[in-house]
Structure formats: C-alpha cells, structure tokens
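As structure tokens, the structure follows; a few thoughts come after it.
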Amino acid sequence: METWQSSNSSDSDDDSKKVYNQKKRGSSAYSKSNSQKGFDHIMQMMNELYDVFASAKLEGRNEIDLPKLVVCGSQSSGKTSVLESIVGEEFLPRGNGIQTRCPIILQLNHTQGTSKWIQFAGERDKYEDFNEVKKILKAKSDEIARTEVISKDPITISIHSPYVVDLTLIDLPGLIENAVEGQPQNLVRKVQRLVNDYISSPNCIILAVTSAVTDIADSKCIRLAKEVDPNGTRTLAVLTKLDMMDEGTDASDVLSGKIIKFNLGIIGVVNRSFKDTEVGRSVSEGLEKERNFLQENYPDMCDKNGIPYLIEKTTELLKKKIERELPRLKSRIDEMIKKGEEQAFKIGGVTDPEEKRKLIFREINKFTTSYNGQVDGRRRDLSVDYIYTSTKIKEIFNGTFERHMNELEAEAFTDTQIETAMRNSGGLHTFKEGTDDTFQELAKRAVRKMKRPVFECNKLVLKEMIDTIDSCLDSDVITRYPKLGKAITEVVTKFISEKYESCSKYLSNFMLAEGSFAKTSKHDFLKQLYAAEKVGPVENSNASDSDDDDDDEEDDSDEEASPSTNAYNDDDSESEADDSEDTTPQWTTNNTLSKLRELIKQYFELTKIDIKDHVPKAIATQLVYAVVDDLSEELNMKLTKDESIENLLREPEEKERERNKAIKFLQGYKEAKALIEKMMRNVNN
C-alpha cells in the first residue's frame, strides 16, 4: 500500500533505511565520497566538453563520438518521471500524445548554496521558475509539431542545483506503436530512426526505460536496445511503476535478471503518478514514497534499486566509459585540430591593420612582378606551356604590322592627275609651276595611307596588355578579396589606357609630320628629285636645238606675244583671237610625268621602311615600357591609402562566414583538447 509518510519499522528496516539514505542525492555520505569527488570533477569538465562541442557546432563531432548517457523508452513508460526524479524538479512538459519532439540534452551541474536555475544553451537568461522552463519547452515542442513533427536538432539546457550531481543525459522522444489521427504515417519509423541513431553509438550508455506493468520481453525500447547492444554490455534497464503492478505480483524475478539479463543490470524505480502531479506532490515527496515502497516490498533489494542508486550507477558507468575513452578522444581531437589548422590556413584572412597593409604591398609586388615579366619578357622562368605577352607583342610588330605595311602600295596617280597637280601648284603666279610642290602634295597623299596599320598595331598591343591582367592576379587571394582584384584590374586598365592615349597622340603627330612634309636624306633619291625639278616649260611647236634658232624664235615670240599678254587690249578682234587660243605653257612631258610617278613610289617605299622601323620603337617606349616602368608606383599610390585598405580587404560574406567558422572550429577543438588533457591528469592522480 502506498504511503507518503515514514512508517515504523524493525531494526532491519532501519538498517535498510540507512543504506538507502546514504545513496540519496545531496546526503553528506554521498557528497563526501573521495571517488565521487574525483568523478564530479571529471563530469564538470565533461559537461564543459559537451558545451564546447555544442556551442562551436564542431564538424566531425560524430566521428569523435563523446561518451553519453541516452534515455529512451516508449511513450508513457515513465521516462519523464525518472528524469525529473534525477533532477529533483518538475520541468518537463506532460500530457497526452508526444511531448518530447526532439532530443533534449540535460546538463546537470552541482552548485554550492541553495540557488537553482535552468539556462538554455546560447542564451543568457536564467530561469529560476522551473514552470517557466516547462512552458518554453512546450512552446518549442508545439513549433516543431507545426513543421517537422519530430526533429533531430537537440535542445540543450543546463540545470544548476545543489541537489544534482554533475552528469549529462540525453532525453529522446518516446517510442510509439502507431500513428494516431492527424499524425504522419511515417512518424513511427521516424521516431525509431532518431532513437536508433543515438543508441547505435558504441560510446553510448543506454538507459532503457520500460514499465513494470507490461511484459519486459515485449518492450519496444528493450527490443531496440537488444538490436544495437546484443550482449547487453552498455544497456542499463530501468523498470518503472513498480507500485502499479497487480496485487500479489512483484518484479523480483525481473530485477534479479531471471527473465531477461543485462550485464549492467536492471534497476527498479517508483514514479510519481499522474494523480501525484495533479495534487502538486513534489519530486522530493515522490522520492520519499519510493524509499518507503522499496523498503516495504523489496527489503533485500532496496539498496540496489531506486533513483539514488540509479544516479550512483549511471555516474559510475559513465565515469568508467569516459576514463577508457579519453586516450582515443585525445587522438581523434588531435586529428581534427590538424585538419582545422590546414583548413584555416587555406582559407586565410587578415585582421591586424598593419598586416593588412603588408598584404596589400605584397599582392601589388606579386602582381607587378608577374605582369611586367609577362609584358617585357624578362622572367627568370621559361614557360613551355603558354606564350608570353611579350612574344605576342613581338609577333604583332614583326608579323601583323609588317605584313599590313608590306601590302600597302603607293597610289598610282594618272598623267592627268599629276599634270593637273602641277598646273594647280602655282596659284596666280605664271612661272610658279614645278615638280617640287607637286611632288610634296602627291607624296603626302601617298604616306597618309599608312596611318591605318600604324594605329591598328597600337590597338593590338593595347588589347594584349589588358588581356594579360587577369592571368597575373593570384586566384586564391582574389577569391578571398574580390574588391582588391577588381581595384587592381581597374587601376591597371586605366593606367594602360592613359599610356595608350599618350602613345596614340605621339603616333598621330608622327604620321602628321610624315604626311605633311615630304623629306628624306637618301642621296640617290635627292639627285633624282633635283633632276626632275630642272624640267622647264615646253611649247607646242617644234623647237630647234641651235642657239641661233633659239634667239630668232625668242625675238619672234616676243613680238607675237606682246599683244596677247596685255590683258586690257581694246582691240576686240585681237581679244577674240586670244580667247580661241590656249596660251597656258606646257610644263610637262611624258618623261616628266613618269619620273614624278616613280619618285613618289620610291619616296613611299623609303617612308614605309622608316615607319616600319619607328612605330614598334615608339609603341614599345611610349606604351609597353611606359607601363612597365611606372606600374608598381601607380598601384601603390592608388591602393595603399589607409581609407582604401579596409575596403579592399573586405571579404565576401560567404568567405567571411567560412573563415570565422573554421576559426571557431579550431578554437573549439583546442579547448576540447585542453579539457581532455586535464581530465586525463585528474584520472591519473
């Protein structure tokens, strides 16, 4: 019969009470045990280790597999009551249906004094009202119900109390047999898979909770535990509701392992009933009820059952598991630290202002060295995999430009065009006509044809120089700092363009000079040009070669020509005769026209040679070397200002998150290693 008060008992009952009371949480005998003190210290550090893994969300934590104590059981098996009895407080949601919809990690922390509070991981708020915690957990459960129904993402709560031991347990959703109306059909399988994922871990101690009012062999939780732990080496069965068994029956055979055996044993407990919670009976009253029931009904076994013994047993099992696993944990964490360091190094990242400045200078120097080596060809290494920009520019000069220039020919002026030019060269002056002005004009026209290939050559070199920029940027650095890469590209492109414009202006002036003033110092050519200039005007009549004939003709000409040269003669008849007669002197012969045409062609070829020689030199000095010589100074001037550095080295949000995550992981693993080494020293001492 259940009782809430201590009953009178025999001397043997008193002895049993003493044994039981010594195992109660918070008793002086329990708290002063040296072995327990040492274990408490280890568990405090173990809780810290759990915190490190949870807060850093460490990658590879499943591979490391920390020792853990997992509580599983069927729905309504009394699992919630067992956990609240261990904690000593009522704080978990109760009711019909599924109440625990995700793993709940309970970190128990023993404190001095009388204060008790609960804190959710990642939050600063402390809750001294445990009913408030129950409401929060219920709200979180309802939120999961609206979305996933069951979630694998755990909720971690830290419980601080002078009435708990340092221990961490993981409460799993209760196993169900069938989904009820309104629940997804795969819910049974989903819950079972979640439970199975946790209890399958070799480092997991299974606290398999099952009710004494059902056949333990048919318990779903026990069956799952047997599947993952067939030898029972890491399963501790908890038989609840001993006080609710049919009258005349007891659980002695089950508790002694005669029905089903687990190497770690079976511990019976007495739960607070639904009625107890309804009338507000506390957890401590429930423990008193359990003590009286066990002493009355299982006097020979009461020291090996009940919540106090369950706490002692689980802490001892977890202690041994931790002690065995510490060397392996340290080894695995060392591996993860090495992996984290490699990842952090690969991701990189600079935060110190001076280091940022050094990084900018280093990247500018690296870029200019690579770029200048590509463009001017002065590199220490000799590539066999790709063509340097300097080689491409050389091929533009010696190939494309040379070929286009060679394809040009002097304009083939007709006799009429040359003669017309000669006649027009004198203006109003009667005796001004000659070959010099004609040659100058026609030669300039011919030279202007060369402007197009000259400027095309300059554009081709510009394109190669700009195309080279991307290949000289450090892909890793630019991926990390895209603004720096963009800034380098913009500054260099603008700088090259400025030098290109300057070079274009130079070439324009050069070609203007070539096309405006026909000049050469070639001796043979000058002799021919002077010879052509001696050609005089030729009359339409046949001329005599003798001096006498020339004198007579000159006299006759003077006499005949005198009237016609008077523009204001009043004699109409003579004026009409003048109008019908072409009096323009004939300055050209076929020989003169041919000679001028040949001279223009020769001058064109001579000038073409000069231009082919000069233009590559001009582009090389005015564009290529002008960029190479001043590029480093230009980049340093534009990119190393204090206000620019911070902006240039701002990483993309994704990259920054990746770097911060890697740093956080590395710090977490280093903290974990320090804790494990401390625990190992504690165990050895």
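All values below come from the heavy atoms of this structure, side chains included, with hydrogens, waters and symmetry mates left out. Starting from 1, each residue takes its place in the sequence as its number. Quantities reported herein were computed from a predicted structural model and do not represent experimental measurements.
For the pair F361 and N636, the minimum side-chain heavy-atom distance is below 4.5 Å. Side-chain contact between R193 and K190 is present, with heavy atoms from C-beta onward closer than 4.5 Å. Side chains of Y625 and V375 form no contact here, defined as non-hydrogen atoms less than 4.5 Å apart. Side-chain contact check for F91 versus L106: some heavy-atom pair is nearer than 4.5 Å. The closest side-chain heavy-atom distance from M465 to I393 is below 4.5 Å. Side-chain contact between Y127 and I136: present, with at least one pair of heavy atoms (C-beta onward) separated by less than 4.5 Å. A heavy-atom distance below 4.5 Å is not found between the side chains of L359 and E355. Residues I396 and C457 are in side-chain contact: their nearest non-hydrogen atoms beyond the backbone lie under 4.5 Å apart.
Heavy atoms from other residues, nucleotides or ligands lying under 6.0 Å from CD of E498 number more than 12. Open room surrounds NZ on K678; 12 or fewer heavy atoms of other groups in view lie less than 6.0 Å from it. Crowding of K152 atom NZ: a count of heavy atoms from other residues, nucleotides or ligands under 6.0 Å not exceeding 12. Heavy-atom contacts from other residues, nucleotides or ligands closer than 6.0 Å to CD of E123 number more than 12.
Without hydrogens or angle criteria, S644 side chain to T640 main chain gives no donor-acceptor distance under 3.5 Å. The backbone N or O of E402 sits less than 3.5 Å from a side-chain atom of N406, completing a donor-acceptor pair. In terms of modelled atom types and a separation under 3.5 Å, the side chain of Q119 and the main chain of R124 share a donor-acceptor contact. Side chain of Q374 to backbone of T389: a donor-acceptor contact under 3.5 angstrom is found. A donor-acceptor contact shorter than 3.5 Å links the side chain of S471 to the backbone of T468. Using modelled atom types, no side-chain atom of S508 and backbone atom of S504 make a donor-acceptor pair closer than 3.5 Å. Distance alone, capped at 3.5 Å, is enough to place a donor-acceptor pair between the T369 side chain and the N365 backbone.
Between the side chains of N647 and R650, at least one donor-acceptor pair of N or O atoms lies under 3.5 Å. No hydrogens or angles considered: nothing links the side chains of Q107 and N47 as a donor-acceptor pair under 3.5 Å.
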### Full working for side-chain contact (heavy atoms from CB on, under 4.5 Å) between E605 and K608
CA-CA 5 Å; E605 294 300 325; K608 186 160 67 174; 3.2 Å; yes
### Query
Can I105 and Y50 be said to form a side-chain contact (heavy atoms from CB on, under 4.5 Å), step by step?
CA-CA 10 Å; I105 300 174; Y50 288 132; 5.8 Å; no
### Task
Evaluate the side-chain contact (heavy atoms from CB on, under 4.5 Å) criterion for residues H110 and V165: first the C-alpha distance (whole Å), next the side-chain angles of each, then the deciding distance (0.1 Å), finally the verdict.
CA-CA 5 Å; H110 179 74; V165 295; 5.8 Å; no
### Task
Show your working on side-chain contact (heavy atoms from CB on, under 4.5 Å) between L648 and Y481 and close with a plain yes or no.
CA-CA 7 Å; L648 293 176; Y481 306 115; over 6 Å; no
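Interatomic distance, D171 CG to Y198 OH, rounded to the nearest 0.5 Å: 11.0 Å. Atom CD of E407 and atom CE of M405 lie 11.0 Å apart (nearest 0.5 Å). With rounding to the nearest 0.5 Å, the separation of CD1 in I333 from OG in S331 is 10.0 Å. Here the CD-CD1 distance, from E325 to I676, works out to 10.5 Å after rounding to the nearest 0.5 Å. Distance check, rounded to the nearest 0.5 Å: CD1 of I104 to CD1 of I155 gives 5.5 Å. From M336, atom CE reaches atom CG of L329 across 12.5 Å, with rounding to the nearest 0.5 Å.
Residues D142 and K138 are paired through a salt bridge, judged by an N-O separation under 4.0 Å between the basic side chain and the carboxylate. A salt bridge does not link K661 to E658: none of the charged nitrogens lies less than 4.0 Å from a carboxylate oxygen. For K392 and E395, the salt-bridge test fails: no basic side-chain N is under 4.0 Å from an acidic carboxylate O. Between K338 and E341 there is no salt bridge, since none of the side-chain N atoms of the basic residue sits less than 4.0 Å from a carboxylate O of the acidic one. Between D334 and K330 there is a salt bridge, with a side-chain nitrogen of the basic residue lying less than 4.0 Å from a carboxylate oxygen of the acidic one. Between K366 and E363 there is a salt bridge, since at least one side-chain N of the basic residue sits less than 4.0 Å from a carboxylate O of the acidic one. A salt bridge does not link D613 to K617: none of the charged side-chain nitrogens sits closer than 4.0 Å to a carboxylate oxygen.
Taking each heavy atom of N109 and D166 in turn, the nearest pair found is CA-OD1, 3.5 Å. The two residues S151 and P103 have their closest heavy-atom pair at O-CD, 3.3 Å. L92 and K134 make their closest contact through O-CE, 3.7 Å (heavy atoms, listed as atom of the first residue, atom of the second, distance). Nearest heavy-atom pair across P67 and M46 is CD-CE, 3.5 Å. Summarising the geometry of A620 relative to F397, their closest heavy-atom pair is N-CZ, 4.4 Å, with the distance given to 0.1 Å. Counting all heavy atoms, side chain and backbone alike, Y500 lies closest to N458 at CE1-ND2, 3.2 Å.
Taking the six-membered ring where tryptophan is involved, the planes of H160 and W117 are essentially parallel, since the angle between them stays under 30° and well short of 60°.
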